[in-house]
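The structure appears below as structure tokens.
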Amino acid sequence: TGGLAGDKHDLQLYVPYRAATVPTLIGEPPQLTFIVRTVGDPASVMTAIRPLTRSIDPDVAVRDISRMETRLGRSIAGPRFNMILLSAFAVLALTLAAVGLAGVIGYAVTERTHEIGIRMALGAQETNVLRLVITQGMQAALIGLGLGIVGALAATRLMSSLLYGIAPRDPLTFIGVTVLLLVVGLVASWLPARRATRVDPIIALRAE
């Protein structure tokens, strides 16, 4: 079978041992895999397997004895490394997106310092300035999020082989990531918005 990465609906056949021990084209001898269930410490049983096997048939070579956890770890080592690498890049991309969004909004606030000063001189409250700047930032975040969701839906087919126990287009995953990115966009917009509320109208008007 294909291990955890294989399809659970693949056809499975039972072949008797005597029918399956036909030598291959390159002359390799047949191989058997035994699973031993133990009670207590598996290490004590593992040391006794080789002598017990030789006592039954001295010509049988025991190539590998390992615990099920070890074999399971080997089978998922490749996909696990790929997912760790992808997760690291995802965290890096999320950080860069938050910093970039905060930088763009901060630059926009700097360019609109005179406008914000006039608004505050005419009686605009801090909540009004906060709402104005955060709305502008969230509009950019929503546009990027929409494009990202479309790209993610298109890329799920390429990543389906790396997933186990979850559908490529799992709705809970998409909803969770969407909420997370919205929170990041809100925080990234709130920081420059707070700076905008501290603009002194007199200094802003003089700067113009």
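Counting from 1, the numbers follow the sequence of the chain as shown. Since we're looking at a predicted model, the values are computed, not measured.
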Next on the checklist: Are Leu132 and Trp190 linked, directly or through intermediate hydrophobic residues, by side-chain heavy-atom contacts shorter than 4.5 Å (ILVMFWY only)?
Outcome noted: no
What residues, two or more places apart in sequence or in another chain, satisfy side-chain contact (heavy atoms from CB on, under 4.5 Å) together with [X]?
X      : result
Leu142 : Leu182
Arg67  : Pro42, Met46, Glu69, Thr70
Val187 : Val183

Checklist entry - Which is it for Asp57 and Thr53 under the side-chain contact (heavy atoms from CB on, under 4.5 Å) test, yes or no, and what are the steps along the way? => result CA-CA 6 Å; Asp57 190 347; Thr53 305; over 6 Å; no
Next on the checklist: Test: side chain to side chain donor-acceptor pair (under 3.5 Å). Region: residues 143-155. Which pairs qualify, not counting sequence neighbours?
Outcome noted: none
By the rule that ILVMFWY residues connect when side-chain heavy atoms come within less than 4.5 angstrom, directly or transitively, which residues belong alongside [X]?
X     : answer
Val91 : none
Leu92 : Leu96
Met68 : Ile35

Checklist entry - Should Met138 and Thr135 be marked as a side-chain contact (heavy atoms from CB on, under 4.5 Å) after you check the CA-CA gap, both sets of side-chain angles, and the distance that decides it? => result CA-CA 5 Å; Met138 291 306 295; Thr135 300; 5.9 Å; no
Checklist outcome for this item: Shortest non-hydrogen pair, Val62 vs Ile65, comes out as CG1-CG1, 3.5 Å
Checklist outcome for this item: All heavy atoms of Leu153 vs all of Phe174, minimum pair found to be CD2-CZ, 3.6 Å
Item to check | Qualifying residues under side-chain hydrogen bond (donor to acceptor under 3.5 Å, both in side chains), relative to Arg71, sequence neighbours excluded | outcome: Asp64
Checklist entry - How long is the gap from CD1 on Ile134 to CG on Leu186, to the nearest 0.5 Å? => result 6.0 Å
Ignoring hydrogens and angles, write down the donor-acceptor pairs under 3.5 Å from the side chains of residues 123-130, residues two or more places apart or on other chains.
residue: Gln125; atom: NE2; partner: Gly123; partner atom: O; Å: 3.3
residue: Asn128; atom: OD1; partner: Gln125; partner atom: N; Å: 2.9

